[in-house]
Structure formats: structure tokens, C-alpha cells
Amino acid sequence: MFKTFHGAHLVHSYHKKKSKTRFKFSSYLRMIIATILAFVIAFLPTDTFGIEGLNAVQQRVIAIFVFAAIMWLTEAIPSWCTSVLIIVVMLFTISDKGLTPFMGVEDAIYVPYKNIMHCFADPTILLFIGGFVLAIGLTKTKLDVVLAKNLLAPFGTKPATVLLGFIVVTAVFSAFVSNTATAAMMLAFLAPVLRAMPEGSKDRTALALAIPIGANIGGIATPIGTPPNTIVLGYLNENLGLSISFGEWMLKMVPLVAVLLIAGWILLRIMFPFTQKEIKLDITGHFHSNHQSWIVIVTFIVTIFLWCFADLLNLGLNSNIVALLPVAVFAATGVFTKHDLEEINWSVLWMVAGGFALGVALNTTKLSEVLVNSIPFDQWSPLLVMIISGLVCYGFSNFISHSAAASLLTPVLGVVAGAMVAGGTLTQGGLSQMLIGVAIAASVSMILPISTPPNAIAHSTGFIQQKDMIKVGLIIGLLGLVIGYCWMFLVF
């Protein structure tokens, strides 16, 4: 998807720059420290932890969780590599087909190895694949450029409306397409205009910042908009037995996205007032009427329609099943070929799978129950837990992968929230609020260039100073947390 997307050179530069920072001596040192700490936790006497009912298998799960946390927080290796690593470690140490020396723990429940492997093909993963394939179809037929051109046209040439146009259109694309690819595409359209502006121009800063704001916030709108959404939705539906559909998520989150986008637009206009009277965009690209283009258009419309209205029409389909429709249609008609499989962002999918595997381990080994019984979660204030979890996720997500932050916090918060529901201090709606709050907190974390790929790509163009990104990101983040949590209290 990144190779064929308009603006792919920006994504390539971003990944090339990021790869240079990996696998230095400090990375190996962090990995060694995480490994040693995990081994110490795994082989300490079980009664050292002071947790009643803890067995050796559950102790290994704690060790794996700590290892994953350190690796994700320090980014000693890429986040998706950590996910693959912990899944393999689980298969060897806590699965029912693990190494013989790790078997035979009395009164312990081992995780069926198939359940761990299923994390690579979880229904929520397939939902994400469907979104990627739709995006690839739009890109291959150049419909993305045509859509962007036509969606931006109504916003005219006045600077304020052009700014709003880029925020809104970026958000619309980001709801269905990778945030990284969306930011690269929109910046590629905007780059000629930005280069023509004077060095240090506030006009240029405002327009350049519009892209990461639109891309980061727009991802909140749909379950496939960003990995934290998928992680949270998957945990709610698969682990906690809730049934939040694609359409229900959009119905509740799109208004929030609209409010945050308007807030971002107003903020940019106040902080970076325009001096130019007019901004003209020159986006080349025309619709080519051929059978592949029409197949993509019809499939896109049908898929979105089914995602949004299948429940309302009582068709019996869920979002995960509908996601496979474009995969099947594009493959059968030649729109999607075996070479396009390389374009799917597999690293994101493997990253998400690691988060799901942690959740499976916590629940199957009954570690979650042991923790609930040892710590009186049900006596804690739900509001306090919600605020703390949101702030922790926001803090983490500004410095590490949003996917890693969500993968780390979601299963733990799920245990806490579940205990509160069982204790009668929290309702099912409150449980959804807590976990969806993690997804919102992750998406509004955009203080630094390293906070998100859209931030990094926008900053790498040289059109944004880091101090401006920090100021805007901090205000948008705090607004997002306050407005987001207030909105959840109203709709869930």
C-alpha cells in the first residue's frame, strides 16, 4: 500500500530514517535487561509475589508481560518483532504443547496452542486486512487522487477554508486508510504550495500541521481507522462478550471526530493566522473509466454500506465477515494480485496479534481472576481508574507506538474493569467507556515527531518546527482527552 500510494517517497524516507536508529548497542542492552528481568520474575519462588493462588504458569505470564512492556516502551526492537517474539515464547512456555520441562505444573491451566496461533488470524485482524485491501484498490486505480481532488475542490481558495479542507479530507481518508499513507498522500499534494511560501511563514506551518491533526484524529472515526481502535474493539467483542458493530462505533465516534477537527481548525487559525489572500492547489489526476475502477467503486460502496447498516437491516453479518468481501471480489476480478499481498501492512497486523495474545494468556490461565482476587479493584473509584488509564495511555503513546501502548494497557484495564463490573461499581457501559478511552487517548497523542508516523512525516518535510508541533499537540491532546471522555459519558 505504501509503495503504490501517492506520496510513497515520504513514507520511504520516514522508514529509512527510523531504521537507522535500530539495532545499536543500546538496543541490545535494553533487550538483555528485559530478558534478564523476565527470567528473574519467571524463576523466583512463587510465594515471593505475595499473591494467593498464583502458580508457575501464571508467573510465566507475568514475566512475559513485563518483558513485552519493557521492549515496547524502550523500542529495543520494532514493536511488531516484540509481538512475534512473545507469541513464540508463549507457545514454548505456557501452551499445552510447550517444552516438556515447562509442563506438569500442578493445578495450572495451559493455554491451548491453537488459541495462541489464532491471534494471527483473529476476526479483528481480518477486519483490518479488509480495510487495507480496500485502500490498495483505491490506490491502484488512482481513485484516491481523484477523490482527494474532488473532495478538496468545494473548499475554494480562501486560506481558512483550504485549511479546513485539508483537515477534513485527511480525516476522511484516515478513517479508512492507513494514517501513514494518508499523511504522505496529502502532504505530497500540499508540498508544491508549501514550497512556494516564504521560509518561516505561519501560513505554511498551519497547513503542514493540518495533515497530522486530520490523520491522527480521523482514525478515531472507524474501527479500522487506527490499530488501537481494532485492539480495543477486538477485546470488547471477543474477550468481554460485548457486541459493538462497525456502524455503532461510527455512529458514536464520528460526531466526536467532527468536534475535535473543528477545534483543531480553530486552534491553527488562532496560533498561525494567515497572511495570504488566496491559496491555489494543483492536484493532477482524472477518473479513468475502466472495469477495474468501477469494480473498486461498487465494492467500496457496498462494503461501507454493509459495515454501517448490516445490523440495522438485520442481515446477520458482522463487520469481520463483511471485511472479506473486498478481498474476495478484488482477488477474483484481478484488481488485487499476489504481488499486492506485499503491500498489506503486515507489521501492524503482527503487532496487534501480540496484544491479543497477551489478553488470551491473562484470561485462559486464570491469571486475571487471581489478580482480581488479590487486589480489590471493585473497591476503587471507576472515575479515578478511567482518568488514570487515559493519562497513562496518553503519556505512553507520545513516546512509543500507539499500537504498543494499547496492546499493553487494554488487557490489564479489561481485568480491572471486569472486576468492577462483577463488584457492582461499574456498568457494562462504563466498561466500554474505560477501554474505548484508551483508543481515544492513543489517537490524540501527537506532541512530538516520534509520537505518530503522520507527525514524523510532516516534520521531516522541514515545514514544521518541533516547538510548534509540541504546542499544538499538547493543546489538541488535552482537548481530545477532556472532550473525548465527556462525550463517552453521553453516548455509552
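All residue numbers refer to positions in the sequence shown, counting from 1.
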- Task: List the steps, then state whether side chain to side chain contact (heavy atoms under 4.5 Å, CB included) holds for L127 with D122.
- Result: CA-CA 9 Å; L127 173 64; D122 186 274; over 6 Å; no

- Given L341 and F336, is the side chain to side chain contact (heavy atoms under 4.5 Å, CB included) satisfied, shown in steps? CA-CA 8 Å; L341 288 172; F336 189 83; 3.6 Å; yes

- Please assess V412 against F65 for the test side chain to side chain contact (heavy atoms under 4.5 Å, CB included), listing each intermediate value before the final yes or no. CA-CA 10 Å; V412 175; F65 187 91; 3.2 Å; yes

- Residues L413, L435; criterion side chain to side chain contact (heavy atoms under 4.5 Å, CB included); working and verdict: CA-CA 7 Å; L413 192 58; L435 289 174; 3.9 Å; yes

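A distance of 12.5 Å separates CD1 of I94 from CG of L99, quoted to the nearest 0.5 Å. One finds the CD1 atom of I321 at 11.5 Å from the CG atom of L315 (value rounded to the nearest 0.5 Å). Distance CE/M488 to NZ/K252: 11.5 Å, rounded to 0.5 Å. Between the CD1 atom of I136 and the CG atom of D340 there is a distance of 6.0 Å, given to the nearest 0.5 Å. With rounding to the nearest 0.5 Å, the separation of CZ in F173 from CE in M185 is 4.0 Å. Here CG of L383 is found 8.5 Å from CE of M434. Values are rounded to the nearest 0.5 Å.
Listed for the S460 side chain is a donor-acceptor partner under 3.5 Å among the backbone atoms of I457. Put simply, the side chain of N320 never gets that close to the backbone of L126: no donor and acceptor are under 3.5 Å apart. Using a distance-only test at 3.5 Å, with no hydrogens or angles considered, a donor-acceptor pair links the side chain of T222 to the main chain of A175. Of the possible polar contacts, none joining the E238 side chain to the P123 backbone as a donor-acceptor pair under 3.5 Å is found. With Q58 contributing its side chain and T365 its backbone, the two residues share a donor-acceptor pair below 3.5 Å. Although no hydrogens or angles enter the test, the distance criterion places no donor-acceptor pair under 3.5 Å between the side chain of W307 and the main chain of S245. A donor-acceptor pair is defined here as one N or O able to donate and one able to accept, closer than 3.5 Å; such a pair exists between the side chain of W72 and the backbone of S79. Side-chain N or O atoms of T299 include none that pairs as donor or acceptor with a backbone N or O of V296 at under 3.5 Å. Side-chain N or O atoms of S451 include one that pairs as donor or acceptor with a backbone N or O of L448 at under 3.5 Å.
Among T170, N455, T226, N179, the one residue that satisfies the side chain to side chain donor-acceptor pair (under 3.5 Å) test with N216 is N455.
Residues P411 and A406 approach most closely at CD-O, 4.3 Å, considering heavy atoms. Considering all non-hydrogen atoms of both residues, N55 and D107 come closest at ND2-O, 3.7 Å. Residues T124 and G234 approach most closely at OG1-CA, 3.4 Å, considering heavy atoms. When all heavy atoms are compared, the tightest approach of V61 to A361 is CG1-CB, 4.0 Å. For the residue pair A353 and I125, the shortest heavy atom distance occurs at N-CD1, 4.1 Å. Counting all heavy atoms, side chain and backbone alike, I116 lies closest to S95 at CD1-CB, 4.0 Å.
Counting only heavy atoms from C-beta outward, the side chains of V111 and V57 never approach each other to under 4.5 Å. A 4.5 Å side-chain heavy-atom check between M253 and L256 finds at least one atom pair inside the cut-off. Residues L251 and V491 have side chains not in contact (no heavy-atom distance under 4.5 Å, counting atoms from C-beta outward). Using a 4.5 Å heavy-atom threshold, the side chains of I33 and I70 count as separate. E52 places none of its side-chain heavy atoms less than 4.5 Å from the side chain of S374. Taking the side chain as every heavy atom from C-beta outward, F49 and I41 approach each other to under 4.5 Å. Contact annotation: the side chain of F67 never approaches that of L37 to less than 4.5 Å [non-hydrogen atoms, C-beta and beyond]. Looking only at side-chain heavy atoms (C-beta outward), T93 and I64 come within less than 4.5 Å of each other.
Note: F246 and F176 have parallel aromatic rings, judged against thresholds of 30 and 60 degrees for the angle between ring planes. The aromatic rings of F128 and F132 lie parallel to each other, their planes meeting at an angle below 30°, with 60° marking the opposite boundary.
Looking at T141 and Q292, their side chains never bring a donor and an acceptor atom within 3.5 Å of each other.
A centroid separation of 6.0 Å or more is found between the aromatic rings of Y485 and F489.
F399 CZ: 12 or fewer foreign heavy atoms inside a 6.0 Å radius.
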